[in-house]
Student: 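Starting off with a structure, shown below.
Values in this document were obtained by computation on a predicted structure and should not be read as measured data. The figures that follow rest on heavy atoms only: side chains count, while hydrogens, waters and symmetry mates do not.
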Amino acid sequence: MRWPETGKGKISWPVAPRVEEFGTRPSDLDALVGSFLLSQDVSQSSRTTYGKGLRRFLSWLATEEIQMPRREDILAYKEHLKAKGFSPPTISNYLVAVRKFFDWTEGIRLYPNVARGIKGTKRAKGFRKDPLTVAQVKELLIGIDLSTSDGKRDYALLNLLVRTGLRTVEAARADVGDISQESGEAVLWVQGKGRDTKDELVLLTDATLKPIHEYIRLRAGIHDLAPLFVSHSDRNRNQRLTTRSISRIAKSRMKSIGLDSGRFTAHSLRHTAITLSLQGGASVQEARVLGRHADVNTTLIYAHNIDRIVHAPERKIDAVLAMEC
């Protein structure tokens, strides 16, 4: 890279380099990924996400036979991800990995940052998943057979998700010992999205805690570090449920009551919890704490949707037309 001299009257930032000024070729980029990942001061989960995104990008370069990627190639890759049907958040995550990688290669003077300034894709307004109604929540839980170990586990799990708004990853990370007392109330300490430690809590009301205790009693002799929810299959017996397993359980149980749509997933239970809290009188700030949202604007979407339905002007139109008829 051509780094200009500094001093009075001279610029102090690097001149944008040309690809040809670097000796690294695409075949070398793959070898650099490992070093890049080790250099990132991020959580292991973020490091894994970066690695996944970069493997996809390098695979695309090989398929397209691109020898020396330029800015227009990154833009073409972005369009490729859109054409493959990836969601806006997924595309943005993949592009973050690419931008960070080339920022790093430029920093160590191996390859220019050809991805600088390339943006992710905008999320659609609203949410991609639907919350359940109160009637649907009751039907979902009542329909679970509590005479079986699977039933006790699934009830405790789904009941926890719908009453606390936990993400699937937070439920998957939970251990038995994460249940404790705080100010005389039962709580569950959770490791939130992007967190390295279990430093956030959700309140466990009696209606939430009792099914969990009944499920734990089935597993005699477990210790505090044991997973809160485990597999009952012969192949993975007593192993921690993965986020995929939790999603599969939620989806299967929803299908059993006729909610067989792509808009009803495990994440719908999180939406349900936040929506019900607002409908029950919680303030936006209280709902934000429940959802552990970094940005209050995310919580405001829930409040806006509720207000939009409650005060729908379409009903006023119906009333006017009924009077005229």
Student: Give a yes or no answer on whether the side chain of Arg240 reaches the backbone of Ala172 with a donor-acceptor pair at less than 3.5 Å.
Tutor: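 Answer holds: yes.
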Student: Are Arg292 and Glu170 packed together at the side-chain level, in the sense that at least one heavy-atom pair is separated by less than 4.5 angstrom?
Tutor: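 With C-beta onward as the side chain, the pair touches.
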Student: Can you get from Phe57 to Phe36 by hopping between Ile, Leu, Val, Met, Phe, Trp and Tyr side chains that sit under 4.5 Å apart?
Tutor: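 Linked within one cluster.
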Student: Could you tell me whether the side chain of Lys78 and the main chain of Lys119 form a donor-acceptor pair under 3.5 Å?
Tutor: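 Yes, because the side chain of Lys78 sits within donor-acceptor range (under 3.5 Å) of the backbone of Lys119.
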Student: Are Pro313 and Arg308 close enough that some pair of their side-chain heavy atoms sits under 4.5 Å apart?
Tutor: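 Pro313 vs Arg308: side chains touch.
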Student: Search all heavy atoms of Val310 against all heavy atoms of Arg315 and return the closest pair with its distance.
Tutor: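 Minimum heavy-atom separation between Val310 and Arg315: O-NH1, 3.7 Å.
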Student: So Ile246 and Phe229, do their side chains get closer than 4.5 Å, heavy atoms only?
Tutor: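 When only atoms from C-beta onward are counted, Ile246 and Phe229 do not touch, as no gap falls below 4.5 Å.
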Student: Mind checking whether Asn238 and Ile222 have side chains closer than 4.5 Å, heavy atoms only?
Tutor: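 Sidechains of Ile222 and Asn238: no contact.
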Student: Given side chains that start at C-beta, do those of Ile274 and His293 come closer than 4.5 Å, heavy atoms only?
Tutor: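 Yes, their side chains come closer than 4.5 Å.
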Student: Are more than 12 heavy atoms from other residues, nucleotides or ligands located less than 6.0 Å from atom CD of Glu65?
Tutor: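 Result for CD/Glu65: open.
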Student: Taking Arg167 for the side chain and Gly192 for the main chain, is one N or O donor matched with an acceptor at less than 3.5 Å?
Tutor: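 Pair absent, no side-chain N/O of Arg167 close to backbone of Gly192.
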Student: Quick check on the hydrophobic clustering: are Phe102 and Leu32 connected, directly or via other members, by side-chain heavy-atom contacts under 4.5 Å?
Tutor: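 Yes, one cluster joins them.
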Student: Between the side chain of Asp295 and the main-chain N/O of Asn297, is any donor-acceptor distance below 3.5 Å?
Tutor: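 It does hold such a pair.
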Student: Write down the atom of Pro227, the atom of Val176, and the distance for their closest heavy-atom approach.
Tutor: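 So the two residues come closest at O-CG2, 3.8 Å.
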Student: Distance-only, no hydrogens or angles: does the Asn236 side chain make a donor-acceptor pair with backbone N or O of Gln239 under 3.5 Å?
Tutor: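 No, the answer is negative, given that no donor and acceptor are paired below the 3.5 Å cut-off.
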Student: Take Leu37 and Thr48 through the test side-chain contact (heavy atoms from CB on, under 4.5 Å) and record every step on the way to the result.
Tutor: CA-CA 8 Å; Leu37 294 176; Thr48 300; over 6 Å; no
Student: Is there a continuous path of hydrophobic side-chain contacts, each under 4.5 Å between heavy atoms, that joins Met68 to Leu58?
Tutor: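 Linked within one cluster.
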Student: Return the orientation label for the Tyr94 and Phe86 ring planes: parallel under 30°, perpendicular over 60°, tilted otherwise.
Tutor: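 The rings of Tyr94 and Phe86 stand perpendicular, inter-plane angle above 60°.
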Student: Distance-only check: which donor-acceptor pairs under 3.5 Å involve side-chain atoms of residues 131-149, not counting sequence neighbours?
Tutor:
{"from": "Thr133", "atom 1": "OG1", "to": "Gln136", "atom 2": "N", "distance (Å)": "3.1"}
{"from": "Thr133", "atom 1": "OG1", "to": "Gln136", "atom 2": "OE1", "distance (Å)": "3.4"}
{"from": "Gln136", "atom 1": "OE1", "to": "Thr133", "atom 2": "N", "distance (Å)": "2.9"}
{"from": "Asp145", "atom 1": "OD1", "to": "Ser147", "atom 2": "N", "distance (Å)": "3.0"}
{"from": "Asp145", "atom 1": "OD1", "to": "Ser147", "atom 2": "OG", "distance (Å)": "2.7"}
{"from": "Asp145", "atom 1": "OD2", "to": "Ser147", "atom 2": "OG", "distance (Å)": "3.1"}
{"from": "Thr148", "atom 1": "OG1", "to": "Asp145", "atom 2": "O", "distance (Å)": "3.4"}
{"from": "Thr148", "atom 1": "OG1", "to": "Gly151", "atom 2": "N", "distance (Å)": "2.9"}

Student: Quick one: does any side-chain atom of Ser59 pair with a main-chain N or O of Arg55 as donor and acceptor, under 3.5 Å?
Tutor: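 A pair under 3.5 Å: no.
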Student: Of Leu300, Val296, Thr298, which is the lone residue that meets side-chain contact (heavy atoms from CB on, under 4.5 Å) with Arg288?
Tutor: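 With Arg288 as partner, Leu300, Val296, Thr298 yield a single side-chain contact (heavy atoms from CB on, under 4.5 Å), made by Val296.
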Student: Looking at Asp307, Ile309, Ile301, which one forms a side-chain contact (heavy atoms from CB on, under 4.5 Å) with Asn305?
Tutor: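 The single option meeting the side-chain contact (heavy atoms from CB on, under 4.5 Å) with Asn305 is Ile301.
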Student: Please report the shortest heavy-atom distance between Val169 and Thr243, naming the atom on each side.
Tutor: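 Smallest interatomic distance, heavy atoms only, reads CA-CG2, 3.5 Å.
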Student: Show which side-chain atoms of residues 201-209 pair as donor or acceptor with protein atoms under 3.5 Å away, not counting sequence neighbours.
Tutor:
{"from": "Thr205", "atom 1": "OG1", "to": "Thr208", "atom 2": "N", "distance (Å)": "3.4"}
{"from": "Thr205", "atom 1": "OG1", "to": "Thr208", "atom 2": "OG1", "distance (Å)": "3.1"}

Student: Any ion pair linking Glu79 and Lys82 (charged N to carboxylate O, less than 4.0 Å)?
Tutor: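 Judged by the 4.0 Å cut-off on N to carboxylate O distance, Lys82 and Glu79 do form a salt bridge.
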Student: When you measure from the side chain of Arg99 to the backbone of Ile118, do you find a donor-acceptor pair of N or O atoms at a distance under 3.5 Å?
Tutor: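 Yes; at least one donor-acceptor contact below 3.5 Å.
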Student: Does any non-hydrogen side-chain atom of Asp224 lie less than 4.5 Å from one of Asp175?
Tutor: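 They are not in contact (no side-chain heavy atoms under 4.5 Å apart), so the answer is no.
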Student: When the ring planes of His271 and Tyr302 are compared, do they come out parallel, tilted or perpendicular, using 30° and 60° as the limits?
Tutor: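 It falls in the tilted class, 30° to 60°.
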Student: Are the side chains of Leu188 and Thr164 in contact, using a 4.5 Å heavy-atom criterion?
Tutor: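 No, every pair of side-chain atoms sits at 4.5 Å or beyond.
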Student: Give, for atom NZ of Lys100 and atom CD of Gln40, the distance between the pair rounded to the nearest 0.5 Å.
Tutor: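 The distance works out to 6.0 Å.
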Student: Determine whether Tyr50 and Leu110 fall in the same hydrophobic cluster, where Ile, Leu, Val, Met, Phe, Trp and Tyr are linked whenever their side-chain heavy atoms lie under 4.5 Å apart.
Tutor: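 Yes: a chain of side-chain contacts under 4.5 Å links Tyr50 to Leu110.
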Student: Tell me the closest heavy-atom pair linking Pro211 and Ala156, and the distance in Å.
Tutor: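 Reported closest heavy-atom pair: O-CB, 3.6 Å.
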Student: Measuring from atom OG1 of Thr272 to atom NE2 of His267, what distance do you get when rounded to the nearest 0.5 angstrom?
Tutor: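 That separation rounds to 10.5 Å.
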Student: Find the distance between CG (Asp130) and CG (Leu259) and round it off to the nearest 0.5 Å.
Tutor: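 Output value for this atom pair is 9.5 Å.
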Student: State plainly whether one hydrophobic cluster holds both Trp189 and Leu290, where clusters connect Ile, Leu, Val, Met, Phe, Trp and Tyr through side-chain heavy atoms under 4.5 angstrom apart.
Tutor: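 Cluster IDs for Trp189 and Leu290 differ.
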Student: Rounded at 0.5 Å granularity, tell me how far CZ in Arg270 sits from OG1 in Thr265.
Tutor: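 Between Arg270 CZ and Thr265 OG1, I get 12.0 Å after rounding to 0.5 Å.
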Student: Give me the atom names and distance for the closest heavy-atom approach of Thr105 to Pro112.
Tutor: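 Here Thr105 and Pro112 meet closest at OG1-O, 4.3 Å.
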Student: Would you find more than 12 non-hydrogen atoms of other residues, nucleotides or ligands less than 6.0 Å from Arg244 atom CZ?
Tutor: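 Count not over threshold, so no.
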Student: Please report the closest heavy-atom contact between Ala115 and Val98, naming both atoms and the distance.
Tutor: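 Scanning both residues completely, I find the closest heavy atoms to be CB-CG1, 4.0 Å.
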Student: Using a 3.5 Å distance criterion without hydrogens, assess whether the side chain of Lys251 forms a donor-acceptor pair with backbone atoms of Phe264.
Tutor: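 Yes.
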Student: Give me the ring orientation class for Tyr215 and His232: parallel if the planes are under 30° apart, tilted from 30 to 60°, perpendicular past 60°.
Tutor: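 Geometry flag for His232 against Tyr215: tilted rings.
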Student: Report the C-alpha separation of Leu160 and Ile212 in whole Å, then their side-chain angles, then the decisive distance to 0.1 Å, and conclude whether the side-chain contact (heavy atoms from CB on, under 4.5 Å) test is met.
Tutor: CA-CA 8 Å; Leu160 173 68; Ile212 293 175; 4.1 Å; yes
Student: Kindly compute the distance separating CD (Gln44) from OG1 (Thr49), expressed to the nearest 0.5 Å.
Tutor: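 The OG1 atom of Thr49 is 9.5 Å from CD of Gln44, to the nearest 0.5 Å.
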Student: Hey, which of Thr168, Thr242, Leu241 is the one that makes side-chain contact (heavy atoms from CB on, under 4.5 Å) with Ser247?
Tutor: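 Going through the options one by one, the only one that passes is Thr168.
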Student: How long is the span from the CZ atom in Arg253 to the CG atom in Leu158, to the nearest 0.5 Å?
Tutor: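 Output value for this atom pair is 7.5 Å.
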